[in-house]
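The chains referred to below are lettered A, B, ... by the order of the sequence lines, with proteins before strands, and numbering in each begins at 1. Only heavy atoms go into these numbers, but all of them, side chains included; no hydrogens, no water, no symmetry mates.
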Amino acid sequence: MIRKGPFQTGRRFRSPTEGESAPRASSTGDPKLLKWRVMLQHHELSAAVGAAIASAQEAGALPLFDIPNVLVERPRETTFGDYATAVALQLARPARMAPPAIAEIIAAHLRLPDYVGEVNVVKPGFINFRLAPEWVQTVPDYILDPAGDYGRVDLGLGPRKAQVECVSANPTGPITLGRTRGGVIGDTLHRVLEAAGYDVTLEYYYNDAGRQMTMLGESVKARYLQALGIPAELKEDHYQGDYITDLALELVDEHGDALVEMPIDTFAEFARGRISQQQKETLARIGIVFDVYFREQSLYETGALERTLEGLRENGYIYEQDGAQWFRTTEFGDDKDRVVVKADGEPTYRLPDIAYHWNKAQRGFDLVVDIFGPDHHATAPQVLMGVRALGYDSRFVHTLLHQIVNLVRGGQPVKMSTRRGLFVTLDELVDEVGADPIRYFMISRSANSPIDFDLDLAVEHSDKNPVYYIQNAHVRCAGIFRKWAEAGRAEDADADADLSLLVHEREQAFLRKALELGDVLEMIATTYEPHRLAFYAYDLAALFHQAYEECRVLHSDVPEPLRLARLRFYRAAKAAFARVLDLMGMSAPDIM
RNA sequence: GCCCCCGUAGCUCAAUAGGACAGAGCGUCGGCCUUCUAAGCCGAAUGUUGCAGGUUCGAGCCCUGCCGGGGGCGCCA
């Protein structure tokens, strides 16, 4: 697919110094800003390279072959430029030519957008693009654009509905660290997908039916009776935690012994309500607020469960054996078939899980991301088998599996145990380290890697702690504006600053990185890898601190026009960090 | 026994559909606050990407087989 971009006439091999200074783009309606909004630069470059290949073929400079999708990416080394493509290497075989020669031919036929300052063909056959410095200077206006388009990307998919399901803990106890990781991954994804134009529903599936609820009710009732001095037994599979006793004592306080004859359900319902409320409040402490709490119980009440079983049966995937109903998962490559209704008539967890995903399919989501911990690695595929057995293409569901979280203190692993005094719940972790380190460290690793959560590092206030390192960038910007105001200078003095004065290498490096946010968001929205945001934020902060070191604003030596340009620069930097931190669900403090 | 994840610098981890010399942080060593901003900056050292084959112009990434670590394999969720 070749998209037509708003290309200007080709400026091939233009050197950075050769170009006239770029016109300022400060109003919202400016076509330059519009270009930012319309598509990411690498897509335009990709289209341009594709077009160059086609025109080289037309001119007979290249033989005829099918033009592949041209991948234009950010090279690892910034010395190679801002964008690069290896198509010439790919084309060596179909073109039966040496990659460098192909690259030269492509470069000669390129008609490039005006923001490209330089094109180089190098060694094995790479084509490197460098953004024009004059254009990079206008990035502050993009970041500060009142339309708020910085940190948004258009994936070109049109209106899309997405759902992110995460946490989904049973309402039988406090939120654990494993669930927290899933929650932070999910909420970050939720924020990024919204930035990428999705209408996103953040959803929590709520196991409030079946045996777990019975166990919960029995546990609370036993503690309740015990609190009244009535002998009661707590069985091994009952919930043992102190929070159960606390709930029981609450009932004693409120009702005395009036509930002794009440059924288990009464206790279960009370505990479920309380615990789920606590879970909700705890998650809100780290900025996770769900749009929908989907109750498993509702699948029973609406008859969805029966319809699911019937649907599977009608499609020939259900049979009876030993009194139980089996789902032929082997039809989809499973090792063995799985029970969906037990011999006692109770469904296993699989049936409601499948019913729930059928529900998701029927709600018309274009994309569903299910986030599961390591304990669900085996069962996730079975749910998708269910969706397929019900006649849906299950590819709209992406299951994202993550590894565990370990706590480390003093360089030693903290033994995970439910015993008192050890940090195992999210609430306790928030109490100890605060919300921001939790948000950051939970996405600081790829989901496939286990996390060692270092409790000492999380609260350390130094450049060793990435959380403070990143937030300090925002703090430093805020400090500049605070001093600016204290000096009695006008708040908007930099509104018409001459951005062409932003020629310092470190200013340019920061702005180039800031521009990359769109690429990062696109990547996350298509690969579902939010850890990239944590790495990006750190890299951006590093470039910021480097610029901050050398590019002073309030210093008496700084000429006034440069001072104003830099003020604009730091205003943009502040906005950029505010945006990135917000995408990560973290606060952007003005002072430490 | 089967399935999933991992194995990359002393440690913890990155590496964007297979692409450039494998990069960061921590730690180590050495510099920078009488001049505005040190919760910061600058510099140095560090690799047989677990092992052995294979595919490819090109492999940390894909395939096969081993070795090692973690997790999961219920008519529990």
Side-chain angles (χ1 to χ4, degrees), chain A residues 42 69 71 73-77 79-80 84-87 89-90 92-93 98-99 122-126 128 168-170 172 207 209-212 215 237 296 321-326 334-336 338-350 352-353 373-381 401-404 406 408 411 444-452 454 457 460-469 471-473 475-477 479-480 483 519-520 522-524 526-527 529 531-532 534-535 538-539 541-542 544-558 592:
Chain A
H42 73 263
N69 286 331
L71 183 65
E73 55 192 355
R74 293 263 181 179
R76 294 180 198 173
E77 287 288 326
T79 54
F80 294 135
T85 180
V87 263
L89 286 85
Q90 268 179 269
R93 190 161 32 177
V122 290
K123 283 186 286 184
F126 286 94
N128 295 336
S168 297
N170 294 340
T172 55
N207 266 276
R211 187 165 171 278
Q212 310 246 7
M215 289 297 119
D237 47 0
E296 179 186 4
Q321 185 181 308
D322 305 328
Q325 306 289 317
W326 294 71
D334 205 356
D335 300 352
K336 54 180 180 182
R338 309 286 172 170
V339 170
V340 286
V341 180
K342 297 184 275 183
D344 65 5
E346 288 295 311
T348 67
Y349 63 92
R350 280 184 203 96
D353 279 359
D375 49 337
H376 284 69
H377 283 200
T379 63
L401 307 175
H402 66 80
Q403 299 293 320
I404 59 172
N406 301 303
V408 174
S444 67
R445 299 277 180 268
S446 147
N448 287 334
S449 289
I451 287 177
D452 289 328
D454 188 328
L457 180 62
E460 186 170 321
H461 289 205
S462 78
D463 56 342
K464 288 177 193 168
N465 183 349
V467 175
Y468 286 90
Y469 186 75
Q471 288 180 323
N472 191 36
V475 168
R476 284 181 147 180
C477 293
I480 289 171
K483 293 207 168 180
D519 294 348
V520 173
E522 179 192 44
M523 183 70 71
I524 296 170
T526 51
T527 63
E529 294 176 335
H531 72 277
R532 294 174 185 281
F535 281 87
Y538 188 89
D539 292 343
F544 171 84
H545 288 305
Q546 287 167 20
Y548 185 79
E549 195 73 19
E550 291 195 14
C551 303
R552 310 209 160 191
V553 185
L554 308 176
H555 197 288
S556 56
D557 290 351
V558 180
M592 278 299 185

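One finds a side-chain N or O of Lys464(A) lying less than 4.0 angstrom from the OP1 or OP2 phosphate oxygen of G27(B). OP1 or OP2 of C6(B) has at least one side-chain nitrogen or oxygen of Asn448(A) nearer than 4.0 Å. Side-chain N/O atoms of Gln403(A) include none lying less than 4.0 angstrom from OP1 or OP2 on C6(B). Remark: Arg350(A) is not in phosphate contact with C76(B), judged by side-chain N or O atoms under 4.0 Å from OP1 or OP2.
Within 4.0 Å (heavy atoms only), His531(A) reaches sugar-phosphate atoms of the nucleic acid but no base atom. Glu77(A) comes within 4.0 angstrom of the backbone, heavy atoms only, and of no base. As judged by a 4.0 angstrom heavy-atom cut-off over every strand, Ala84(A) is placed among the base-contacting residues. Nucleic acid contact class of Thr527(A) (heavy atoms, under 4.0 Å, all strands): none. Base contact: Tyr548(A) has a heavy atom under 4.0 Å from a base atom. Contact annotation for Arg552(A): base contact, defined as any heavy-atom pair under 4.0 Å involving a base atom. Among the heavy atoms of the strands, none lies under 4.0 Å from Val341(A). Base contact: Ser556(A) has a heavy atom under 4.0 Å from a base atom.
Stacking of Tyr538(A) onto the six-membered ring of A24(B) is not present when judged by under 5.5 angstrom between centres and under 30° between planes. Residue side chain Tyr469(A) fails the stacking definition with respect to A39(B), as its ring centre and the base's six-membered ring centre are not both under 5.5 angstrom apart and under 30 degrees in plane angle.
With hydrogens and angles left out, the side chain of Thr348(A) and the base of C76(B) share no donor-acceptor pair within 3.5 Å. Not a single donor-acceptor contact under 3.5 angstrom links the side-chain atoms of Arg211(A) to the base of G74(B). The base of A77(B) has none of its N or O atoms less than 3.5 Å from a complementary donor or acceptor on the side chain of Asp375(A). Donor-acceptor pairing under 3.5 Å, judged by distance alone, is absent between the side chain of His545(A) and the base of C41(B).
If you measure from atom CZ of Phe535(A) to atom P of G25(B), you get 12 Å, rounded to the nearest angstrom. Distance CD1 (Ile404(A)) to C1' (C6(B)): 11 Å, rounded to an integer number of Å.
One C1' atom belongs to A17(B), the other to G58(B), and the distance between them is 16 Å to the nearest Å.
Both distances falling under 3.5 Å, in either a Watson-Crick or a G-U wobble arrangement, place G23(B) opposite C13(B).
Between C75(B), C5(B), G19(B), one nucleotide has an atom nearer to the side chain of Val339(A) than all others, and that is C75(B).
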